[in-house]
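Worksheet: one structure, shown below.
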Amino acid sequence: MIIKNAEPSDVEKLLAFRQEAAAWLSEQGSDQWQRPYPPDRLLRTIDAGTVFMVTDGDTTAATITLTADAEDGLWTPRELDEPSMFVNKLTVARTHAGHDLGGRLLDWAGERAAKAGAVWLRLDAWTTNEALQRYYLRHGFGHVRTVLEGAAVNGGPRVSGWLAQRRTGHATHGLTDLTMPPPLLT
């Protein structure tokens, strides 16, 4: 499998990918990702070079966003002083579920973050999705705290405030990395 930078022409594919994940989550009893994600916001993150896609032949198998920008109101000023990168929108296609592709992507993200000079790989997970929280704990993240105050980036109250982190470093993820090198954190 290959990981590469997403391109502006991938917006519709990524939005459909998210809708597929939202439908599956709904079947599992979760309200996660039921609000549509703004296409212009997705395009901005693609243009910034922070959205990545995993392909398996002609199939999009997964996507992840990895950025040095923290969402407002989640991390303390002291935490933000520590070199960190943040995982967002990690999604695996149902066709590729059950093979720990998400875990391999987290390992890739931790390695990429280390190359950029980050000490921490951080994330905010859906506050009510306990299965997802357990998944991150199984993959070496430690729960920091849960933030309920504030607003969601696509409107409404904050719903993704379960904060977790793990140290960055070299990993064996098995993905063929065709991404642009990460910019160094300053």
Side-chain angles (χ1 to χ4, degrees), residues 1-6 10 14 17-18 21 32 41-42 44-56 60-93 96-97 99-127 129-147 153 158 160-186:
M1 282 188 251
I2 295 170
I3 187 163
K4 60 184 181 176
N5 292 78
D10 294 321
L14 289 168
F17 199 63
R18 184 179 172 104
Q32 183 171 340
R41 187 173 176 88
L42 178 58
R44 282 195 304 272
T45 57
I46 290 171
D47 287 342
T50 62
V51 180
F52 305 92
M53 296 172 61
V54 175
T55 57
D56 185 7
T60 301
T63 184
I64 189 171
T65 299
L66 182 63
T67 180
D69 299 324
E71 186 178 324
D72 290 341
L74 292 178
W75 300 91
T76 68
R78 182 170 173 242
E79 290 164 340
L80 292 173
D81 282 343
E82 300 170 323
S84 305
M85 292 194 78
F86 302 87
V87 169
N88 296 291
K89 298 183 283 302
L90 171 60
T91 312
V92 175
H96 288 72
H99 304 286
D100 202 28
L101 180 53
R104 292 169 57 197
L105 263 176
L106 291 170
D107 290 344
W108 171 86
E111 182 172 72
R112 183 175 178 85
K115 289 177 182 175
V119 174
W120 294 107
L121 182 64
R122 292 178 165 153
L123 57 84
D124 59 288
W126 207 258
T127 311
N129 191 336
E130 293 178 10
L132 180 61
Q133 295 164 14
R134 287 190 301 272
Y135 176 84
Y136 287 126
L137 292 171
R138 283 193 311 271
H139 283 85
F141 285 83
H143 179 238
V144 176
R145 74 182 154 279
T146 301
V147 177
V153 296
R158 181 178 306 285
S160 187
W162 185 87
L163 307 184
Q165 64 186 13
R166 76 177 196 194
R167 294 223 172 248
T168 65
H170 176 73
T172 304
H173 47 73
L175 300 171
T176 301
D177 191 342
L178 301 182
T179 63
M180 300 295 294
L184 294 177
L185 299 175
T186 54

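Values in this document were obtained by computation on a predicted structure and should not be read as measured data.
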A quick test of your reading: do over 12 heavy atoms of other residues, nucleotides or ligands sit less than 6.0 Å from [atom1] of [X]?
{"X": "E82", "atom1": "CD", "result": "yes"}
{"X": "D81", "atom1": "CG", "result": "yes"}
{"X": "K4", "atom1": "NZ", "result": "no"}

Using the side-chain contact (heavy atoms from CB on, under 4.5 Å) rule, take F141 and L106 through it: C-alpha gap first, then chi angles, then the decisive distance, then the call.
CA-CA 10 Å; F141 285 83; L106 291 170; 4.0 Å; yes
Is the shortest heavy-atom distance from the side chain of [X] to the side chain of [Y] under 4.5 Å?
{"X": "L66", "Y": "F86", "answer": "no"}
{"X": "L121", "Y": "Q165", "answer": "no"}
{"X": "T63", "Y": "V54", "answer": "no"}
{"X": "T91", "Y": "I64", "answer": "no"}
{"X": "T50", "Y": "T45", "answer": "yes"}
{"X": "L123", "Y": "L163", "answer": "no"}
{"X": "D100", "Y": "H139", "answer": "yes"}
{"X": "T176", "Y": "I3", "answer": "no"}

Donor-acceptor pair, side chain of [X] and main chain of [Y], under 3.5 angstrom:
{"X": "Y136", "Y": "D124", "result": "no"}
{"X": "H143", "Y": "R145", "result": "yes"}
{"X": "E111", "Y": "G169", "result": "no"}
{"X": "Q133", "Y": "T127", "result": "yes"}
{"X": "T168", "Y": "A118", "result": "yes"}

Ignoring hydrogens, what is the shortest heavy-atom contact between [X] and [Y]? Give both atom names and the distance.
{"X": "A62", "Y": "L101", "result": "CB-CD2, 3.7 Å"}
{"X": "M85", "Y": "A68", "result": "CE-N, 4.0 Å"}
{"X": "L90", "Y": "G102", "result": "CD2-O, 4.0 Å"}
{"X": "H173", "Y": "R104", "result": "O-NE, 2.8 Å"}
{"X": "W75", "Y": "A70", "result": "CD1-CB, 4.0 Å"}
{"X": "P83", "Y": "G117", "result": "CB-O, 3.3 Å"}

A cation-pi test, strictly: NZ or CZ of R167 under 6.0 Å from the centre of the six-membered ring of W120 and no more than 45 degrees from its axis. Yes or no?
yes
Would you call the rings of W108 and F52 parallel, tilted or perpendicular, where under 30° means parallel and over 60° means perpendicular?
perpendicular
Below 4.0 angstrom, N of the basic side chain to O of the carboxylate: do R122 and E71 qualify?
no
For R166, is there an ion pair with D107 - N to carboxylate O distance below 4.0 angstrom?
yes
May I have the step-by-step check of side-chain contact (heavy atoms from CB on, under 4.5 Å) for I2 and D177, ending in yes or no?
CA-CA 6 Å; I2 295 170; D177 191 342; over 6 Å; no
Classify the side-chain pair T179/N5 by whether it contains a donor and acceptor separated by less than 3.5 Å.
no
Test side-chain contact (heavy atoms from CB on, under 4.5 Å) on T65 and V87 and set out the steps.
CA-CA 6 Å; T65 299; V87 169; over 6 Å; no
Let's go through R158 and V147 carefully: what are the C-alpha distance in whole Å and the side-chain angles of both, what is the deciding distance for side-chain contact (heavy atoms from CB on, under 4.5 Å) to 0.1 Å, and is it a yes or a no?
CA-CA 8 Å; R158 181 178 306 285; V147 177; 3.9 Å; yes
Mind checking the OG-CG spacing from S160 to N88? Nearest 0.5 Å is all I need.
8.0 Å
